[in-house]
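The model shown is predicted, which means the values in this text are computed figures rather than measured ones. Computation of the quantities below employed the complete heavy-atom set of this structure, encompassing side-chain atoms and omitting hydrogens, waters and symmetry-equivalent molecules. First listed ligand is number 1; within each ligand, the first listed atom is number 1.
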Amino acid sequence: MAHWGYMTTNGPSTWGKDFPIANGERQSPIDIVTTAAEYDSDVLGSNALSTNYTPESEVKLVNNGHSIMCQITKKGVLTGGPLGKDEYRLEQFHLHWGAEDNRGSEHTVDGKMYASELHLVHWNASKYSSFADAVQKPDGLAVLGIFITPGVACNQFKVISDNCGKLKTSGAEMTVDTTLDPTLLLPSNTSDYWTYLGSLTTPPLFESVTWIVFKEPVEYSKEQLLALRNLVDSDGNHMQDNYRPPAALKQRKVKKTFT
Ligand SMILES: CC[C@H](CNC(=O)c1ccc(S(N)(=O)=O)cc1)c1ccc2[nH]ccc2c1
Ligand SMILES: [Zn+2]
């Protein structure tokens, strides 16, 4: 099996061959049609979404061939909102981006694509014993989606963007001796978001993700975005346009926490 990727020969339009769930009922990403999203006060009212992350004392970065990923070692928890009382543990975060600022996010908002999208990946530690155990369960994972737009530099992201040059090739790993607080990667407004039931956006495309996509984008500088585009993927090409285009909404409703 030719390894999946984002080129014409192995990109999203070919994934259905090896991963038939690509045409499933709850695939991600989606285009968020803001007027069709349903305001759901109890998602907001009863228990607001809450994060309780412990800052990483060192930063473990991996170029996994299709993104740059930061492996989390501390016990960070996400709960509330659509997750109810279940506690989801932060496992890793990674990004998707374009070759240019006009594209790169996976979710779109009324057809608008952002320059990049940051994903904080969590697994349901209230119900399952590990990420690997949770990754195929319908309520196994929760991913926070944060839109990235060009602007001022994001200080907390510097530890990643400043080290992309040392993670050029696929499989490269490094540990940076500095702290990182995942809370500081979130937008200032974490009350306003869309949420829906979806999937992993890369093979194996498991339909196990409760998506929470924040309305407010976060700014990264041009240099920080350029650093991502200089990474090299598992085929030795520049790692760019590593985003899956929106999948069909099918019988799903998107909920929103704001009017
Ligand atoms: C099953 C897939 C998984 C590797 N992939 C992921 O973890 C992953 C996570 C988030 C997203 S996104 N873009 O939707 O946020 C996409 C993929 C994976 C692969 C091999 C494994 N062996 C043991 C556990 C395990 C997990
Ligand atoms: Zn992702």
Side-chain angles (χ1 to χ4, degrees), residues 1 3-6 10-12 15 18-22 24-32 51 60-73 76 78 82-83 88-98 103-108 113-125 128-148 157 160 170-171 173 182 185-186 193-214 217-218 220 228 231 233-234 239-247 252:
M1 163 187 94
H3 192 73
W4 65 268
Y6 294 94
N10 65 358
W15 293 352
D18 293 311
F19 306 96
I21 202 169
E25 295 306 304
R26 58 172 279 190
Q27 288 290 294
S28 293
I30 58 168
D31 177 42
I32 297 165
T51 60
K60 302 168 85 68
L61 299 174
V62 180
N63 173 336
N64 62 19
H66 39 263
S67 183
I68 181 161
M69 180 173 75
C70 174
Q71 289 170 320
I72 297 297
T73 59
L78 172 71
L83 308 177
Y88 285 67
R89 182 153 310 156
L90 182 60
E91 171 80 10
Q92 53 107 322
F93 64 81
H94 64 275
L95 301 99
H96 305 260
W97 60 89
R103 60 185 190 273
S105 67
E106 299 210 293
H107 291 90
T108 53
M113 208 172 246
Y114 285 87
S116 175
E117 188 171 328
L118 171 65
H119 289 158
L120 273 68
V121 183
H122 309 71
W123 57 275
N124 191 335
Y128 306 111
S129 57
S130 67
F131 176 78
D133 181 33
V135 76
Q136 293 194 64
K137 306 292 193 305
D139 59 353
L141 305 181
V143 181
L144 296 181
I146 296 113
F147 291 124
I148 307 298
F157 191 69
I160 292 106
S170 168
E173 302 193 7
L185 294 171
L186 303 179
Y193 58 83
W194 296 281
T195 182
Y196 76 98
L197 298 181
S199 73
L200 299 178
T201 66
T202 65
L205 302 170
F206 292 151
E207 298 187 328
S208 56
V209 181
T210 298
W211 277 96
I212 293 163
V213 179
F214 293 115
V218 165
Y220 286 5
L228 294 173
L231 287 165
D233 66 18
S234 43
M239 196 185 287
Q240 299 178 352
D241 297 324
N242 56 348
Y243 61 90
R244 187 191 194 188
R252 290 177 287 180

Inset, instruction - Under 4.0 Å, heavy atoms only, figure out whether ligand 1 is touched by the backbone of V121, its side chain, both or neither. - result: side chain
Inset, instruction - Could you tell me if any non-hydrogen atom of Q92 lies under 4.0 Å from any atom of ligand 1? - result: yes
Legend entry - Distance in Å, I148 CD1 paired with S105 OG, rounded so as to fall on 0.5 Å steps: 10.0 Å
Inset, instruction - Report yes if some N/O of T202 lies less than 3.5 Å from some N/O of ligand 1; otherwise report no. - result: no
Inset, instruction - Keeping the roles fixed (side chain from N242, backbone from H66), state whether a donor-acceptor pair exists under 3.5 Å. - result: yes
Inset, instruction - Please write down residue, atom name and distance for the protein heavy atom closest to atom 8 (C) of ligand 1. - result: L200 CD2, 3.9 Å
Inset, instruction - If you have a sec, work out which protein heavy atom is nearest atom 13 (N) of ligand 1 and how many Å separate them, to one decimal? - result: T201 OG1, 2.8 Å
Inset, instruction - Mark up the atoms of ligand 1 that fall under 4.0 Å of a heavy atom belonging to F206, in ascending order. - result: 1 (C)
Inset, instruction - Kindly compute the distance separating OG1 (T210) from CG (L83), expressed to the nearest 0.5 Å. - result: 6.0 Å
Inset, instruction - Using only heavy-atom distances, determine whether the side chains of D139 and Y88 contain a donor-acceptor pair under 3.5 Å. - result: no
Legend entry - For the Zn ion (ligand 2): the N/O/S atom of H119 at shortest distance: ND1
Inset, instruction - Would you please classify the geometry between the Y6 ring and the W15 ring as parallel, tilted or perpendicular, with 30° and 60° separating the classes? - result: perpendicular
Inset, instruction - Kindly state if atom 21 (C) of ligand 1 has a protein heavy atom within a strict 4.0 Å cut-off, that is, under 4.0 Å? - result: no
Inset, instruction - Determine, counting only non-hydrogen atoms of the protein, whether one lies under 4.0 angstrom from atom 17 (C) of ligand 1. - result: yes
Legend entry - Close approach of E91 to ligand 1, heavy atoms, under 4.0 angstrom: no
Inset, instruction - Check for a donor-acceptor pair, side chain of S28 on one end and backbone N or O of T201 on the other, with a separation under 3.5 Å. - result: no
Legend entry - L205 CG to Q27 CD distance, which is reported to the nearest 0.5 Å: 5.0 Å
Inset, instruction - Ignoring hydrogens, tell whether any protein atom lies closer than 4.0 Å to atom 5 (N) of ligand 1; use the non-hydrogen atoms only. - result: no
Inset, instruction - Please state whether the rings of F147 and Y114 are parallel, tilted or perpendicular, taking 30° and 60° as the class boundaries. - result: parallel
Inset, instruction - Look up atom CD1 in I160 and atom CG in L61, then write down how far apart they are to the nearest 0.5 Å. - result: 6.0 Å
Legend entry - Nearest-0.5 Å distance that lies between atom CD1 in I21 and atom CZ in R26: 9.0 Å
Inset, instruction - Using distance alone, determine whether W211 and ligand 1 share an N or O pair under 3.5 Å. - result: no
Legend entry - Region of S28 that comes within reach of ligand 1 [heavy atoms, distance under 4.0 Å]: neither
Legend entry - Taking atom 23 (C) of ligand 1 as the reference point, the nearest protein heavy atom with its distance: A132 CB, 3.8 Å
Legend entry - atom 2 (C) of ligand 1: nearest protein contact (heavy atom, Å): P204 CD, 3.4 Å
Legend entry - Heavy-atom protein neighbour under 4.0 angstrom from atom 25 (C) of ligand 1: no
Legend entry - Spacing of N64 atom CG and E173 atom CD [to the nearest 0.5 Å]: 9.5 Å
Legend entry - Atoms in ligand 1 with a heavy atom of F131 nearer than 4.0 Å: 7 (O), 26 (C)
Inset, instruction - Take every heavy atom of H94, measure it against each atom of ligand 1, and state whether any distance is under 4.0 Å. - result: yes
Inset, instruction - Quick one: sort the W211 and Y196 rings into parallel, tilted or perpendicular, breaks at 30° and 60°. - result: parallel
Inset, instruction - Please verify whether a non-hydrogen atom of Y243 lies at under 4.0 Å from ligand 1. - result: no
Legend entry - Element-labelled atoms of ligand 1 that are located less than 4.0 Å from some non-hydrogen atom of H96: 13 (N)
